[in-house]
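Data first, discussion second: the structure below is written as structure tokens.
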Amino acid sequence: MNRLAEDVRQWAARSRERVDRAALEPQLARFGRIVQAGDGVVLVEGLPDARLDELLEIEGGVAAQAVDLGEAVIGCVLLGEAAAVTAGRRVRGSRDVIRVPVGEALLGRVVDALGRPLDGGQPLAAQSTAPVERPAPTIVDRALVDRPLATGVLVIDAAIPLGRGQRELIIGDRGTGKTAIAVDTIINQRASEVICVYAAIGQKASSVARVIEAVRRYGAPERCIFVVGEADAAPGIQWLTPYAACSMAEHFMQAGRDVLLVLDDLTKHAAVYRELSLLLRRPPGREAYPGDIFYIHSRLLERAAKLAPDRGGGSLTALPIAETQAGNLSAYIPTNLISITDGQIYLDPTLFYENQKPAIDVGRSVSRVGGKAQAAVVKPLAESLRLEYAQFLELEVFTRFGTLVDERTRRVIEHGRRIRAVFTQPQYQPLSVGEQAALLLALSERLLDEVPLERVGSFRERLRDWLAAQLPEALALDDRSQPLSDEVRTKLRQALAALAQAVAGQPAAAGG
Ligand SMILES: Nc1ncnc2c1ncn2[C@@H]1O[C@H](COP(=O)(O)OP(=O)(O)O)[C@@H](O)[C@H]1O
Ligand SMILES: [Mg+2]
């Protein structure tokens, strides 16, 4: 009897010791359960205190984002394969918003909206992360846009110049060269220190591959990040892509760097958001888009900024792209985006079919802040160009009817045709500031007016080598150079006149 009592006493002592040693801190996990699942969204009950944009983990490993907070049921967007997600599964709240990896390790990589590699490379090592949604810099954190962002596309840099920290919409019908302009701008950054982030939203895999291939071939891919949410990715991933890309870009801006963010395109982003919203049974508004469609794009594009010097002076330039149907700029999403951005580059299908590429309609395009930041050496040369070109376009319409025109009008038209020919530019061949200044000087000095129209292209093609041999200092000009001194201007004019003569005199077969 005594032995038994002793055993019990010892057992109790051991147990108490074990209990004392065990780490029994309270661990709080919040679980809910899926009540309805389908098409990339789920409804979850039992998580009444979930936060907006909270990251949720569904039993089985798929992540979800809480986007619609009801009293009893919350609406969530799936960020992964939907097939395995069924009603009844447990859902765990993380108490954290969705985050993406940020930093140098991303440069040169192709990732999805959660930072998972898509290029077959190593997963990104654990490093710093940033939430996908962040408040935009406040007004006191910002400075005025004062440095150009050279696109290398002459018509843009001359007539619709962009500044670092600006938001410029590229808008036009399908297949009019919107992506081409963005890609050329990225390629042109091979000559600058600008970091480029390209976000592909809802695009075909083949289109994305073409873009990546072009940048790898002609640009500086080691300074680019590709964030891809293809058309067959989960709608939630597509929806998240621009925000994730923006966070990745923002990280470099906050480190004092200049960043270019291309969002290709926000029309598809709006369509994905509409699809998700309808599935979540949110009330549809105009064109069946949910009521907050304006806000989801404005809060994204507001994050583009030029930071004040005491904030590091970095910048984030955003080039959102929007696709129109039959040139309709007054549809809901295009008007929203036009009103959010600092200007738009409008691509016209008629120009495209007339082989005027890039098919930019100068009259309907505008850059509301970049003019103040235009490269100093280009600015005085480009000043009268827009007006001359507009006058020419107006006059040209008349001559289409075979009207006889006087000598002065004929000259305006011939000159205008040269401007248009110089503005025509093949893909993947961005022009440096020096080449642009030379071409604009040739135009303003009317050196091309005697060159046959079909050879103007040849003039542009031979320009680089010609200047390299005759006046290398002209090629060294960049966006920080001062306006041409009289001396350089005279020398450049002479070199250009000689080239014009050589091109005009060359045998027709060799003409461009
Ligand atoms: N400046 C250009 N010169 C020649 N071809 C061009 C030019 N810009 C675009 N293209 C061609 O036009 C087609 C459509 O361009 P893309 O940029 O894909 O259009 P979007 O993005 O508007 O749908 C592509 O085949 C592209 O190669
Ligand atoms: Mg495109």
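Remember, it's 1-based here, ligands and their atoms both numbered in the order they're listed.
Distance check for atom 15 (O) of ligand 1: a protein heavy atom is found below 4.0 Å.
Contacts between Glu323 and ligand 1, counted as non-hydrogen atom pairs separated by less than 4.0 Å, are absent for every part of the residue.
Residues that satisfy the salt bridge (Lys or Arg N to Asp or Glu O under 4.0 Å) test with Arg462, not counting sequence neighbours, are absent from this structure. The side chain to side chain contact (heavy atoms under 4.5 Å, CB included) test applied to Ala288 returns Arg274, Pro284, not counting sequence neighbours.
Under the side-chain hydrogen bond (donor to acceptor under 3.5 Å, both in side chains) criterion, no residue pair touches residues 369-381, with sequence neighbours excluded.
Atom 19 (O) of ligand 1 has its nearest heavy-atom neighbour, among Pro349, Ala214, Gly177, Ser207, in Gly177.
For ligand 1 and Gln425, the ligand atoms under 4.0 Å from any heavy atom of the residue are 1 (N), 2 (C), 3 (N). Applying the 4.0 Å criterion to heavy atoms of Gly175 picks out, from ligand 1, the atoms 14 (C), 19 (O), 20 (P), 22 (O), 23 (O). Close approach of ligand 1 to Pro358 (heavy-atom distance below 4.0 Å) involves ligand atoms 1 (N). Heavy-atom proximity to Asp173, at under 4.0 Å, picks out these atoms of ligand 1: 22 (O). Against a heavy-atom cut-off of under 4.0 Å, Ala180 is close to the following atoms of ligand 1: 8 (N), 9 (C), 17 (O).
For the residue pair Asp157/Gln436, the side-chain donor-acceptor check at 3.5 Å is satisfied. Side-chain contact check for Trp239 and Gln65: at least one donor-acceptor pair (N or O, by modelled atom type) lies under 3.5 Å. Judged purely by distance below 3.5 Å, without hydrogens or angles, the side chains of Gln325 and Asp173 never pair a donor atom with an acceptor atom. Between the side chains of Asp184 and Tyr428, not a single donor N or O lies within less than 3.5 Å of an accepting N or O.
The 12-atom threshold is exceeded at CG of Asp449, counting heavy atoms of other residues, nucleotides or ligands nearer than 6.0 Å.
Between His269 and Tyr243, the ring center distance clears the sub-6.0 Å criterion.
Only protein N, O or S atoms were considered, and those under 2.8 Å from the Mg ion (ligand 2) are Thr179 OG1.
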Derivation of the ring-ring contact (aromatic ring centres under 6.0 Å, His included) call for Phe423 and Tyr389: CA-CA 11 Å; Phe423 279 172; Tyr389 194 53; 5.5 Å; yes
